[in-house]
Amino acid sequence: MSAYAEFYRRSIEERDAFWDEQARLIDWHTPPQQICDYNNPPFAKWFVGGTTNLCHNAVDRHVAARGDQPALIAISTETEAERSYSFAELHTEVQRMAAVLQHLGVKKGDRVLIYMPMIAEAAFAMLACARIGALHSVVFGGFASGSLASRIEDAEPVLVVSADAGSRGGKVVPYKPLLDEAIELSRHKPQAVLLVNRGLAAMHLHAGRDHDWAALREQHLAAQVPCEWVDSTHPSYTLYTSGTTGKPKGVQRDTGGYAVALAASMRHIFDAQAGQTFFATSDIGWVVGHSYIVYGPLIAGMATIMYEGLPIRPDAGIWWSIVEKYRVTHMFSAPTAVRVLKKQDPAYLAKYNVKSLKALWLAGEPLDEPTAQWISSALQVPIIDNYWQTETGWPILTLANGVEKQSARFGSPGKAMYGYQVKLIDEATGEELTGANQKGVVAIEGPLPPGCMQTVWRDDARFVNTYWKSVPGRLIYSTFDWGIRDADGYHFILGRTDDVINVAGHRLGTREIEESIASHPNVAEVAVVGVADSLKGQVAMAFAVAKDASGLTDDAARLKLEGEVMKLVNAQLGAVARPSRVFFVTVLPKTRSGKLLRRALQAVAEKRDPGDLTTMEDPAALQQVRDLVGG
Ligand code: AMP
């Protein structure tokens with residue numbers, strides 16, 4: 001048996017002993033009494049009886065041994081700002097932020113919604129929440145007021161932390177007006193808003209509600225706020241993710257299990273050591289930002305780079321110049337970013353010394369061969385795909401190179417990670433597929449390992465019904481991805497089983513986009529599907545039926561309405577969710593019983609064969625789509 005196979009076997013067959021050992025990678029105030037309580041499946045409780053603190057593990061415990069070493073390096077090529085905080089400085093800043101949160105009334109168990117650009121204060125705010133036992137709920141800065149409002153309503157934060165603006169490609173993107181609008185739209189009103197003024201956009205402060213970070217920080221310069229020791233099962237945060245319904249789900253994570261899972265992943269998956277430097281190019285608004293920009297590297301005593309800016313500005317060498325300057329050892333990005341770089345002059349890469357890099361990990365969407373090969377030959381380091389989800393918090397499938405070096409297999413994110421009992425399930429029969437190369441739904445037998453979601457925020461029933469009930473008669477977690485496994489245990493992911501699409505590594509629910517488009521006064525009905533795109537993996541494409549089509553006789557009128565719809569989605573959900581095209585049709589492809597034929601629509605939009613159409617009501621419906629997309 002290979003070293004990894006044995007490691008994996010122990011994680012499943014000797015589960016408690018295995019995770020007991022992993023639990024020693026972090027500091028506990030009170031050690032756990034029970035490793036895993038799975039008496040109430042599918043709810044798993046990890047490290048029961050233990051008390052700990054995420055901020056202590058990420059910051060405080062490193063101050064004595066490496067207080068002067070870099071912890072957080074915040075680089076913005078948008079504002080030309082660059083600042084490195086040592087562990088000692090981070091410790092100080094986080095306590096100031098924690099004191100300000102307390103001053104504004106935040107207590108243990110309260111939610112703090114963070115709607116911020118990629119600046120150091122965003123990480124301070126996350127860590128400060130963890131420090132005092134408050135839950136953060138970070139909302140991606142690219143989301144607009146509608147998306148933000150629904151998250152405020154669901155999380156019911158006491159406080160929102162935000163900023164005057166972000167910046168993208170040199171263009172200022174004001175946040176404050178979107179936040180004001182979102183609070184206006186939301187039934188829940190936070191009692192306070194804390195604003196970091198970057199001096200990018202003018203802000204109107206609402207008296208009594210809005211507070212200036214710089215002024216309050218000044219009052220708490222010498223603050224000493226001890227870490228609140230919380231139960232291992234105390235929720236550390238919620239992070240919203242899209243699913244098949246319009247309402248986003250608040251993925252809720254614990255404290256102890258998450259800290260252990262991240263510490264273990266830093267060692268076994270990333271083969272990382274304290275003093276090294278991690279550069280994840282994601283955003284704190286996504287799960288990668290939580291696990292591998294903020295918590296994971298810091299828990300491991302590494303420096304972490306937080307980057308605001310584009311990968312090609314001022315030029316396509318910017319990331320590699322950062323790698324050279326900070327001797328980055330671990331880099332984590334997404335295939336889309338690499339595809340963007342691939343379009344640029346390869347000479348940019350050759351300009352910098354990237355020999356410090358041990359590997360480049362890519363995740364969030366399928367990694368295609370040309371992209372993998374291009375970056376592999378350009379960087380001359382292993383390119384390691386990894387597959388996971390917001391729900392799991394750390395990789396489900398990849399290579400655990402810290403346990404045993406294993407070769408990557410093209411097109412495969414790798415093997416099941418320790419702790420994950422990954423199964424392939426026949427969609428029709430619910431039976432487990434044990435043979436090689438059989439296609440099934442990727443499912444995980446409970447208990448989910450430490451670090452995975454505890455539940456859906458305030459909605460246990462939704463957690464059970466959404467994730468654990470897709471196989472009749474069996475309680476098993478569904479990833480909603482199709483997959484196969486070869487004879488050697490390498491898995492391949494073949495796309496989603498639901499209506500979720502993946503645009504540039506960002507997960508979006510088509511229903512949410514449809515609801516936004518349907519709120520246009522002249523839209524009667526709409527279907528949004530994901531369509532293959534050579535740069536972004538997928539793009540959203542909308543097919544709408546107008547209420548009054550009489551004015552849509554020429555291209556100019558159709559383009560005008562398309563523009564209006566795009567503007568609407570932009571304003572409600574944000575540019576990430578804006579469809580690439582909105583086409584107007586007279587009828588959508590449906591079955592005789594009225595069910596939308598999404599897969600057929602998607603196939604035609606991708607110029608593929610739509611398959612069996614015998615149940616379709618109006619065969620002309622797909623012909624219209626074919627004509628519009630030029631198939
Ligand atoms: P998110 O929760 O936003 O991280 O999205 C998770 C989804 O992205 C997964 O369920 C997959 O559909 C997709 N995904 C993530 N990583 C990969 C990967 N390495 N290969 C293929 N698909 C991936």
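Whatever order the structure lists them in is the order used to number ligands and atoms, beginning at 1.
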* Qualifying residues under side-chain contact (heavy atoms from CB on, under 4.5 Å), relative to Ile493, sequence neighbours excluded ->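 For Ile493 the side-chain contact (heavy atoms from CB on, under 4.5 Å) partners, ignoring immediate neighbours, are Tyr387, Leu397, Pro413, Val442, Asp481.
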* **Pair listing, salt bridge (Lys or Arg N to Asp or Glu O under 4.0 Å) test, anchored in residues 284-293, at least two apart** =>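 For residues 284-293, and leaving out neighbouring residues, there are no salt bridge (Lys or Arg N to Asp or Glu O under 4.0 Å) pairs at all.
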* Answer yes if the ring centres of Phe332 and Trp286 are under 6.0 angstrom apart, and no otherwise. =>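 That pair fails the under 6.0 Å test.
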* Asked: So, His506 versus Phe140, ring centres under 6.0 angstrom or not?
  ->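 Ring-ring flag for His506/Phe140: true, centres closer than 6.0 Å.
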* Residues two or more places apart in sequence or in another chain: which of them pass salt bridge (Lys or Arg N to Asp or Glu O under 4.0 Å) with Arg458? ->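 Listed in chain order: Glu156.
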* Donor-acceptor under 3.5 Å (Arg151 side chain, Ser147 main chain) ->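 Here the side-chain-to-backbone pair exists.
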* **Residues in contact with ligand 1, criterion: heavy atom under 4.0 Å** =>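 For ligand 1, the residues that come within the 4.0 Å heavy-atom cutoff are Gly364, Glu365, Pro366, Asp385, Asn386, Tyr387, Trp388, Gln389, Thr390, Asp481, Ile493, Arg496, Asn502, Arg507.
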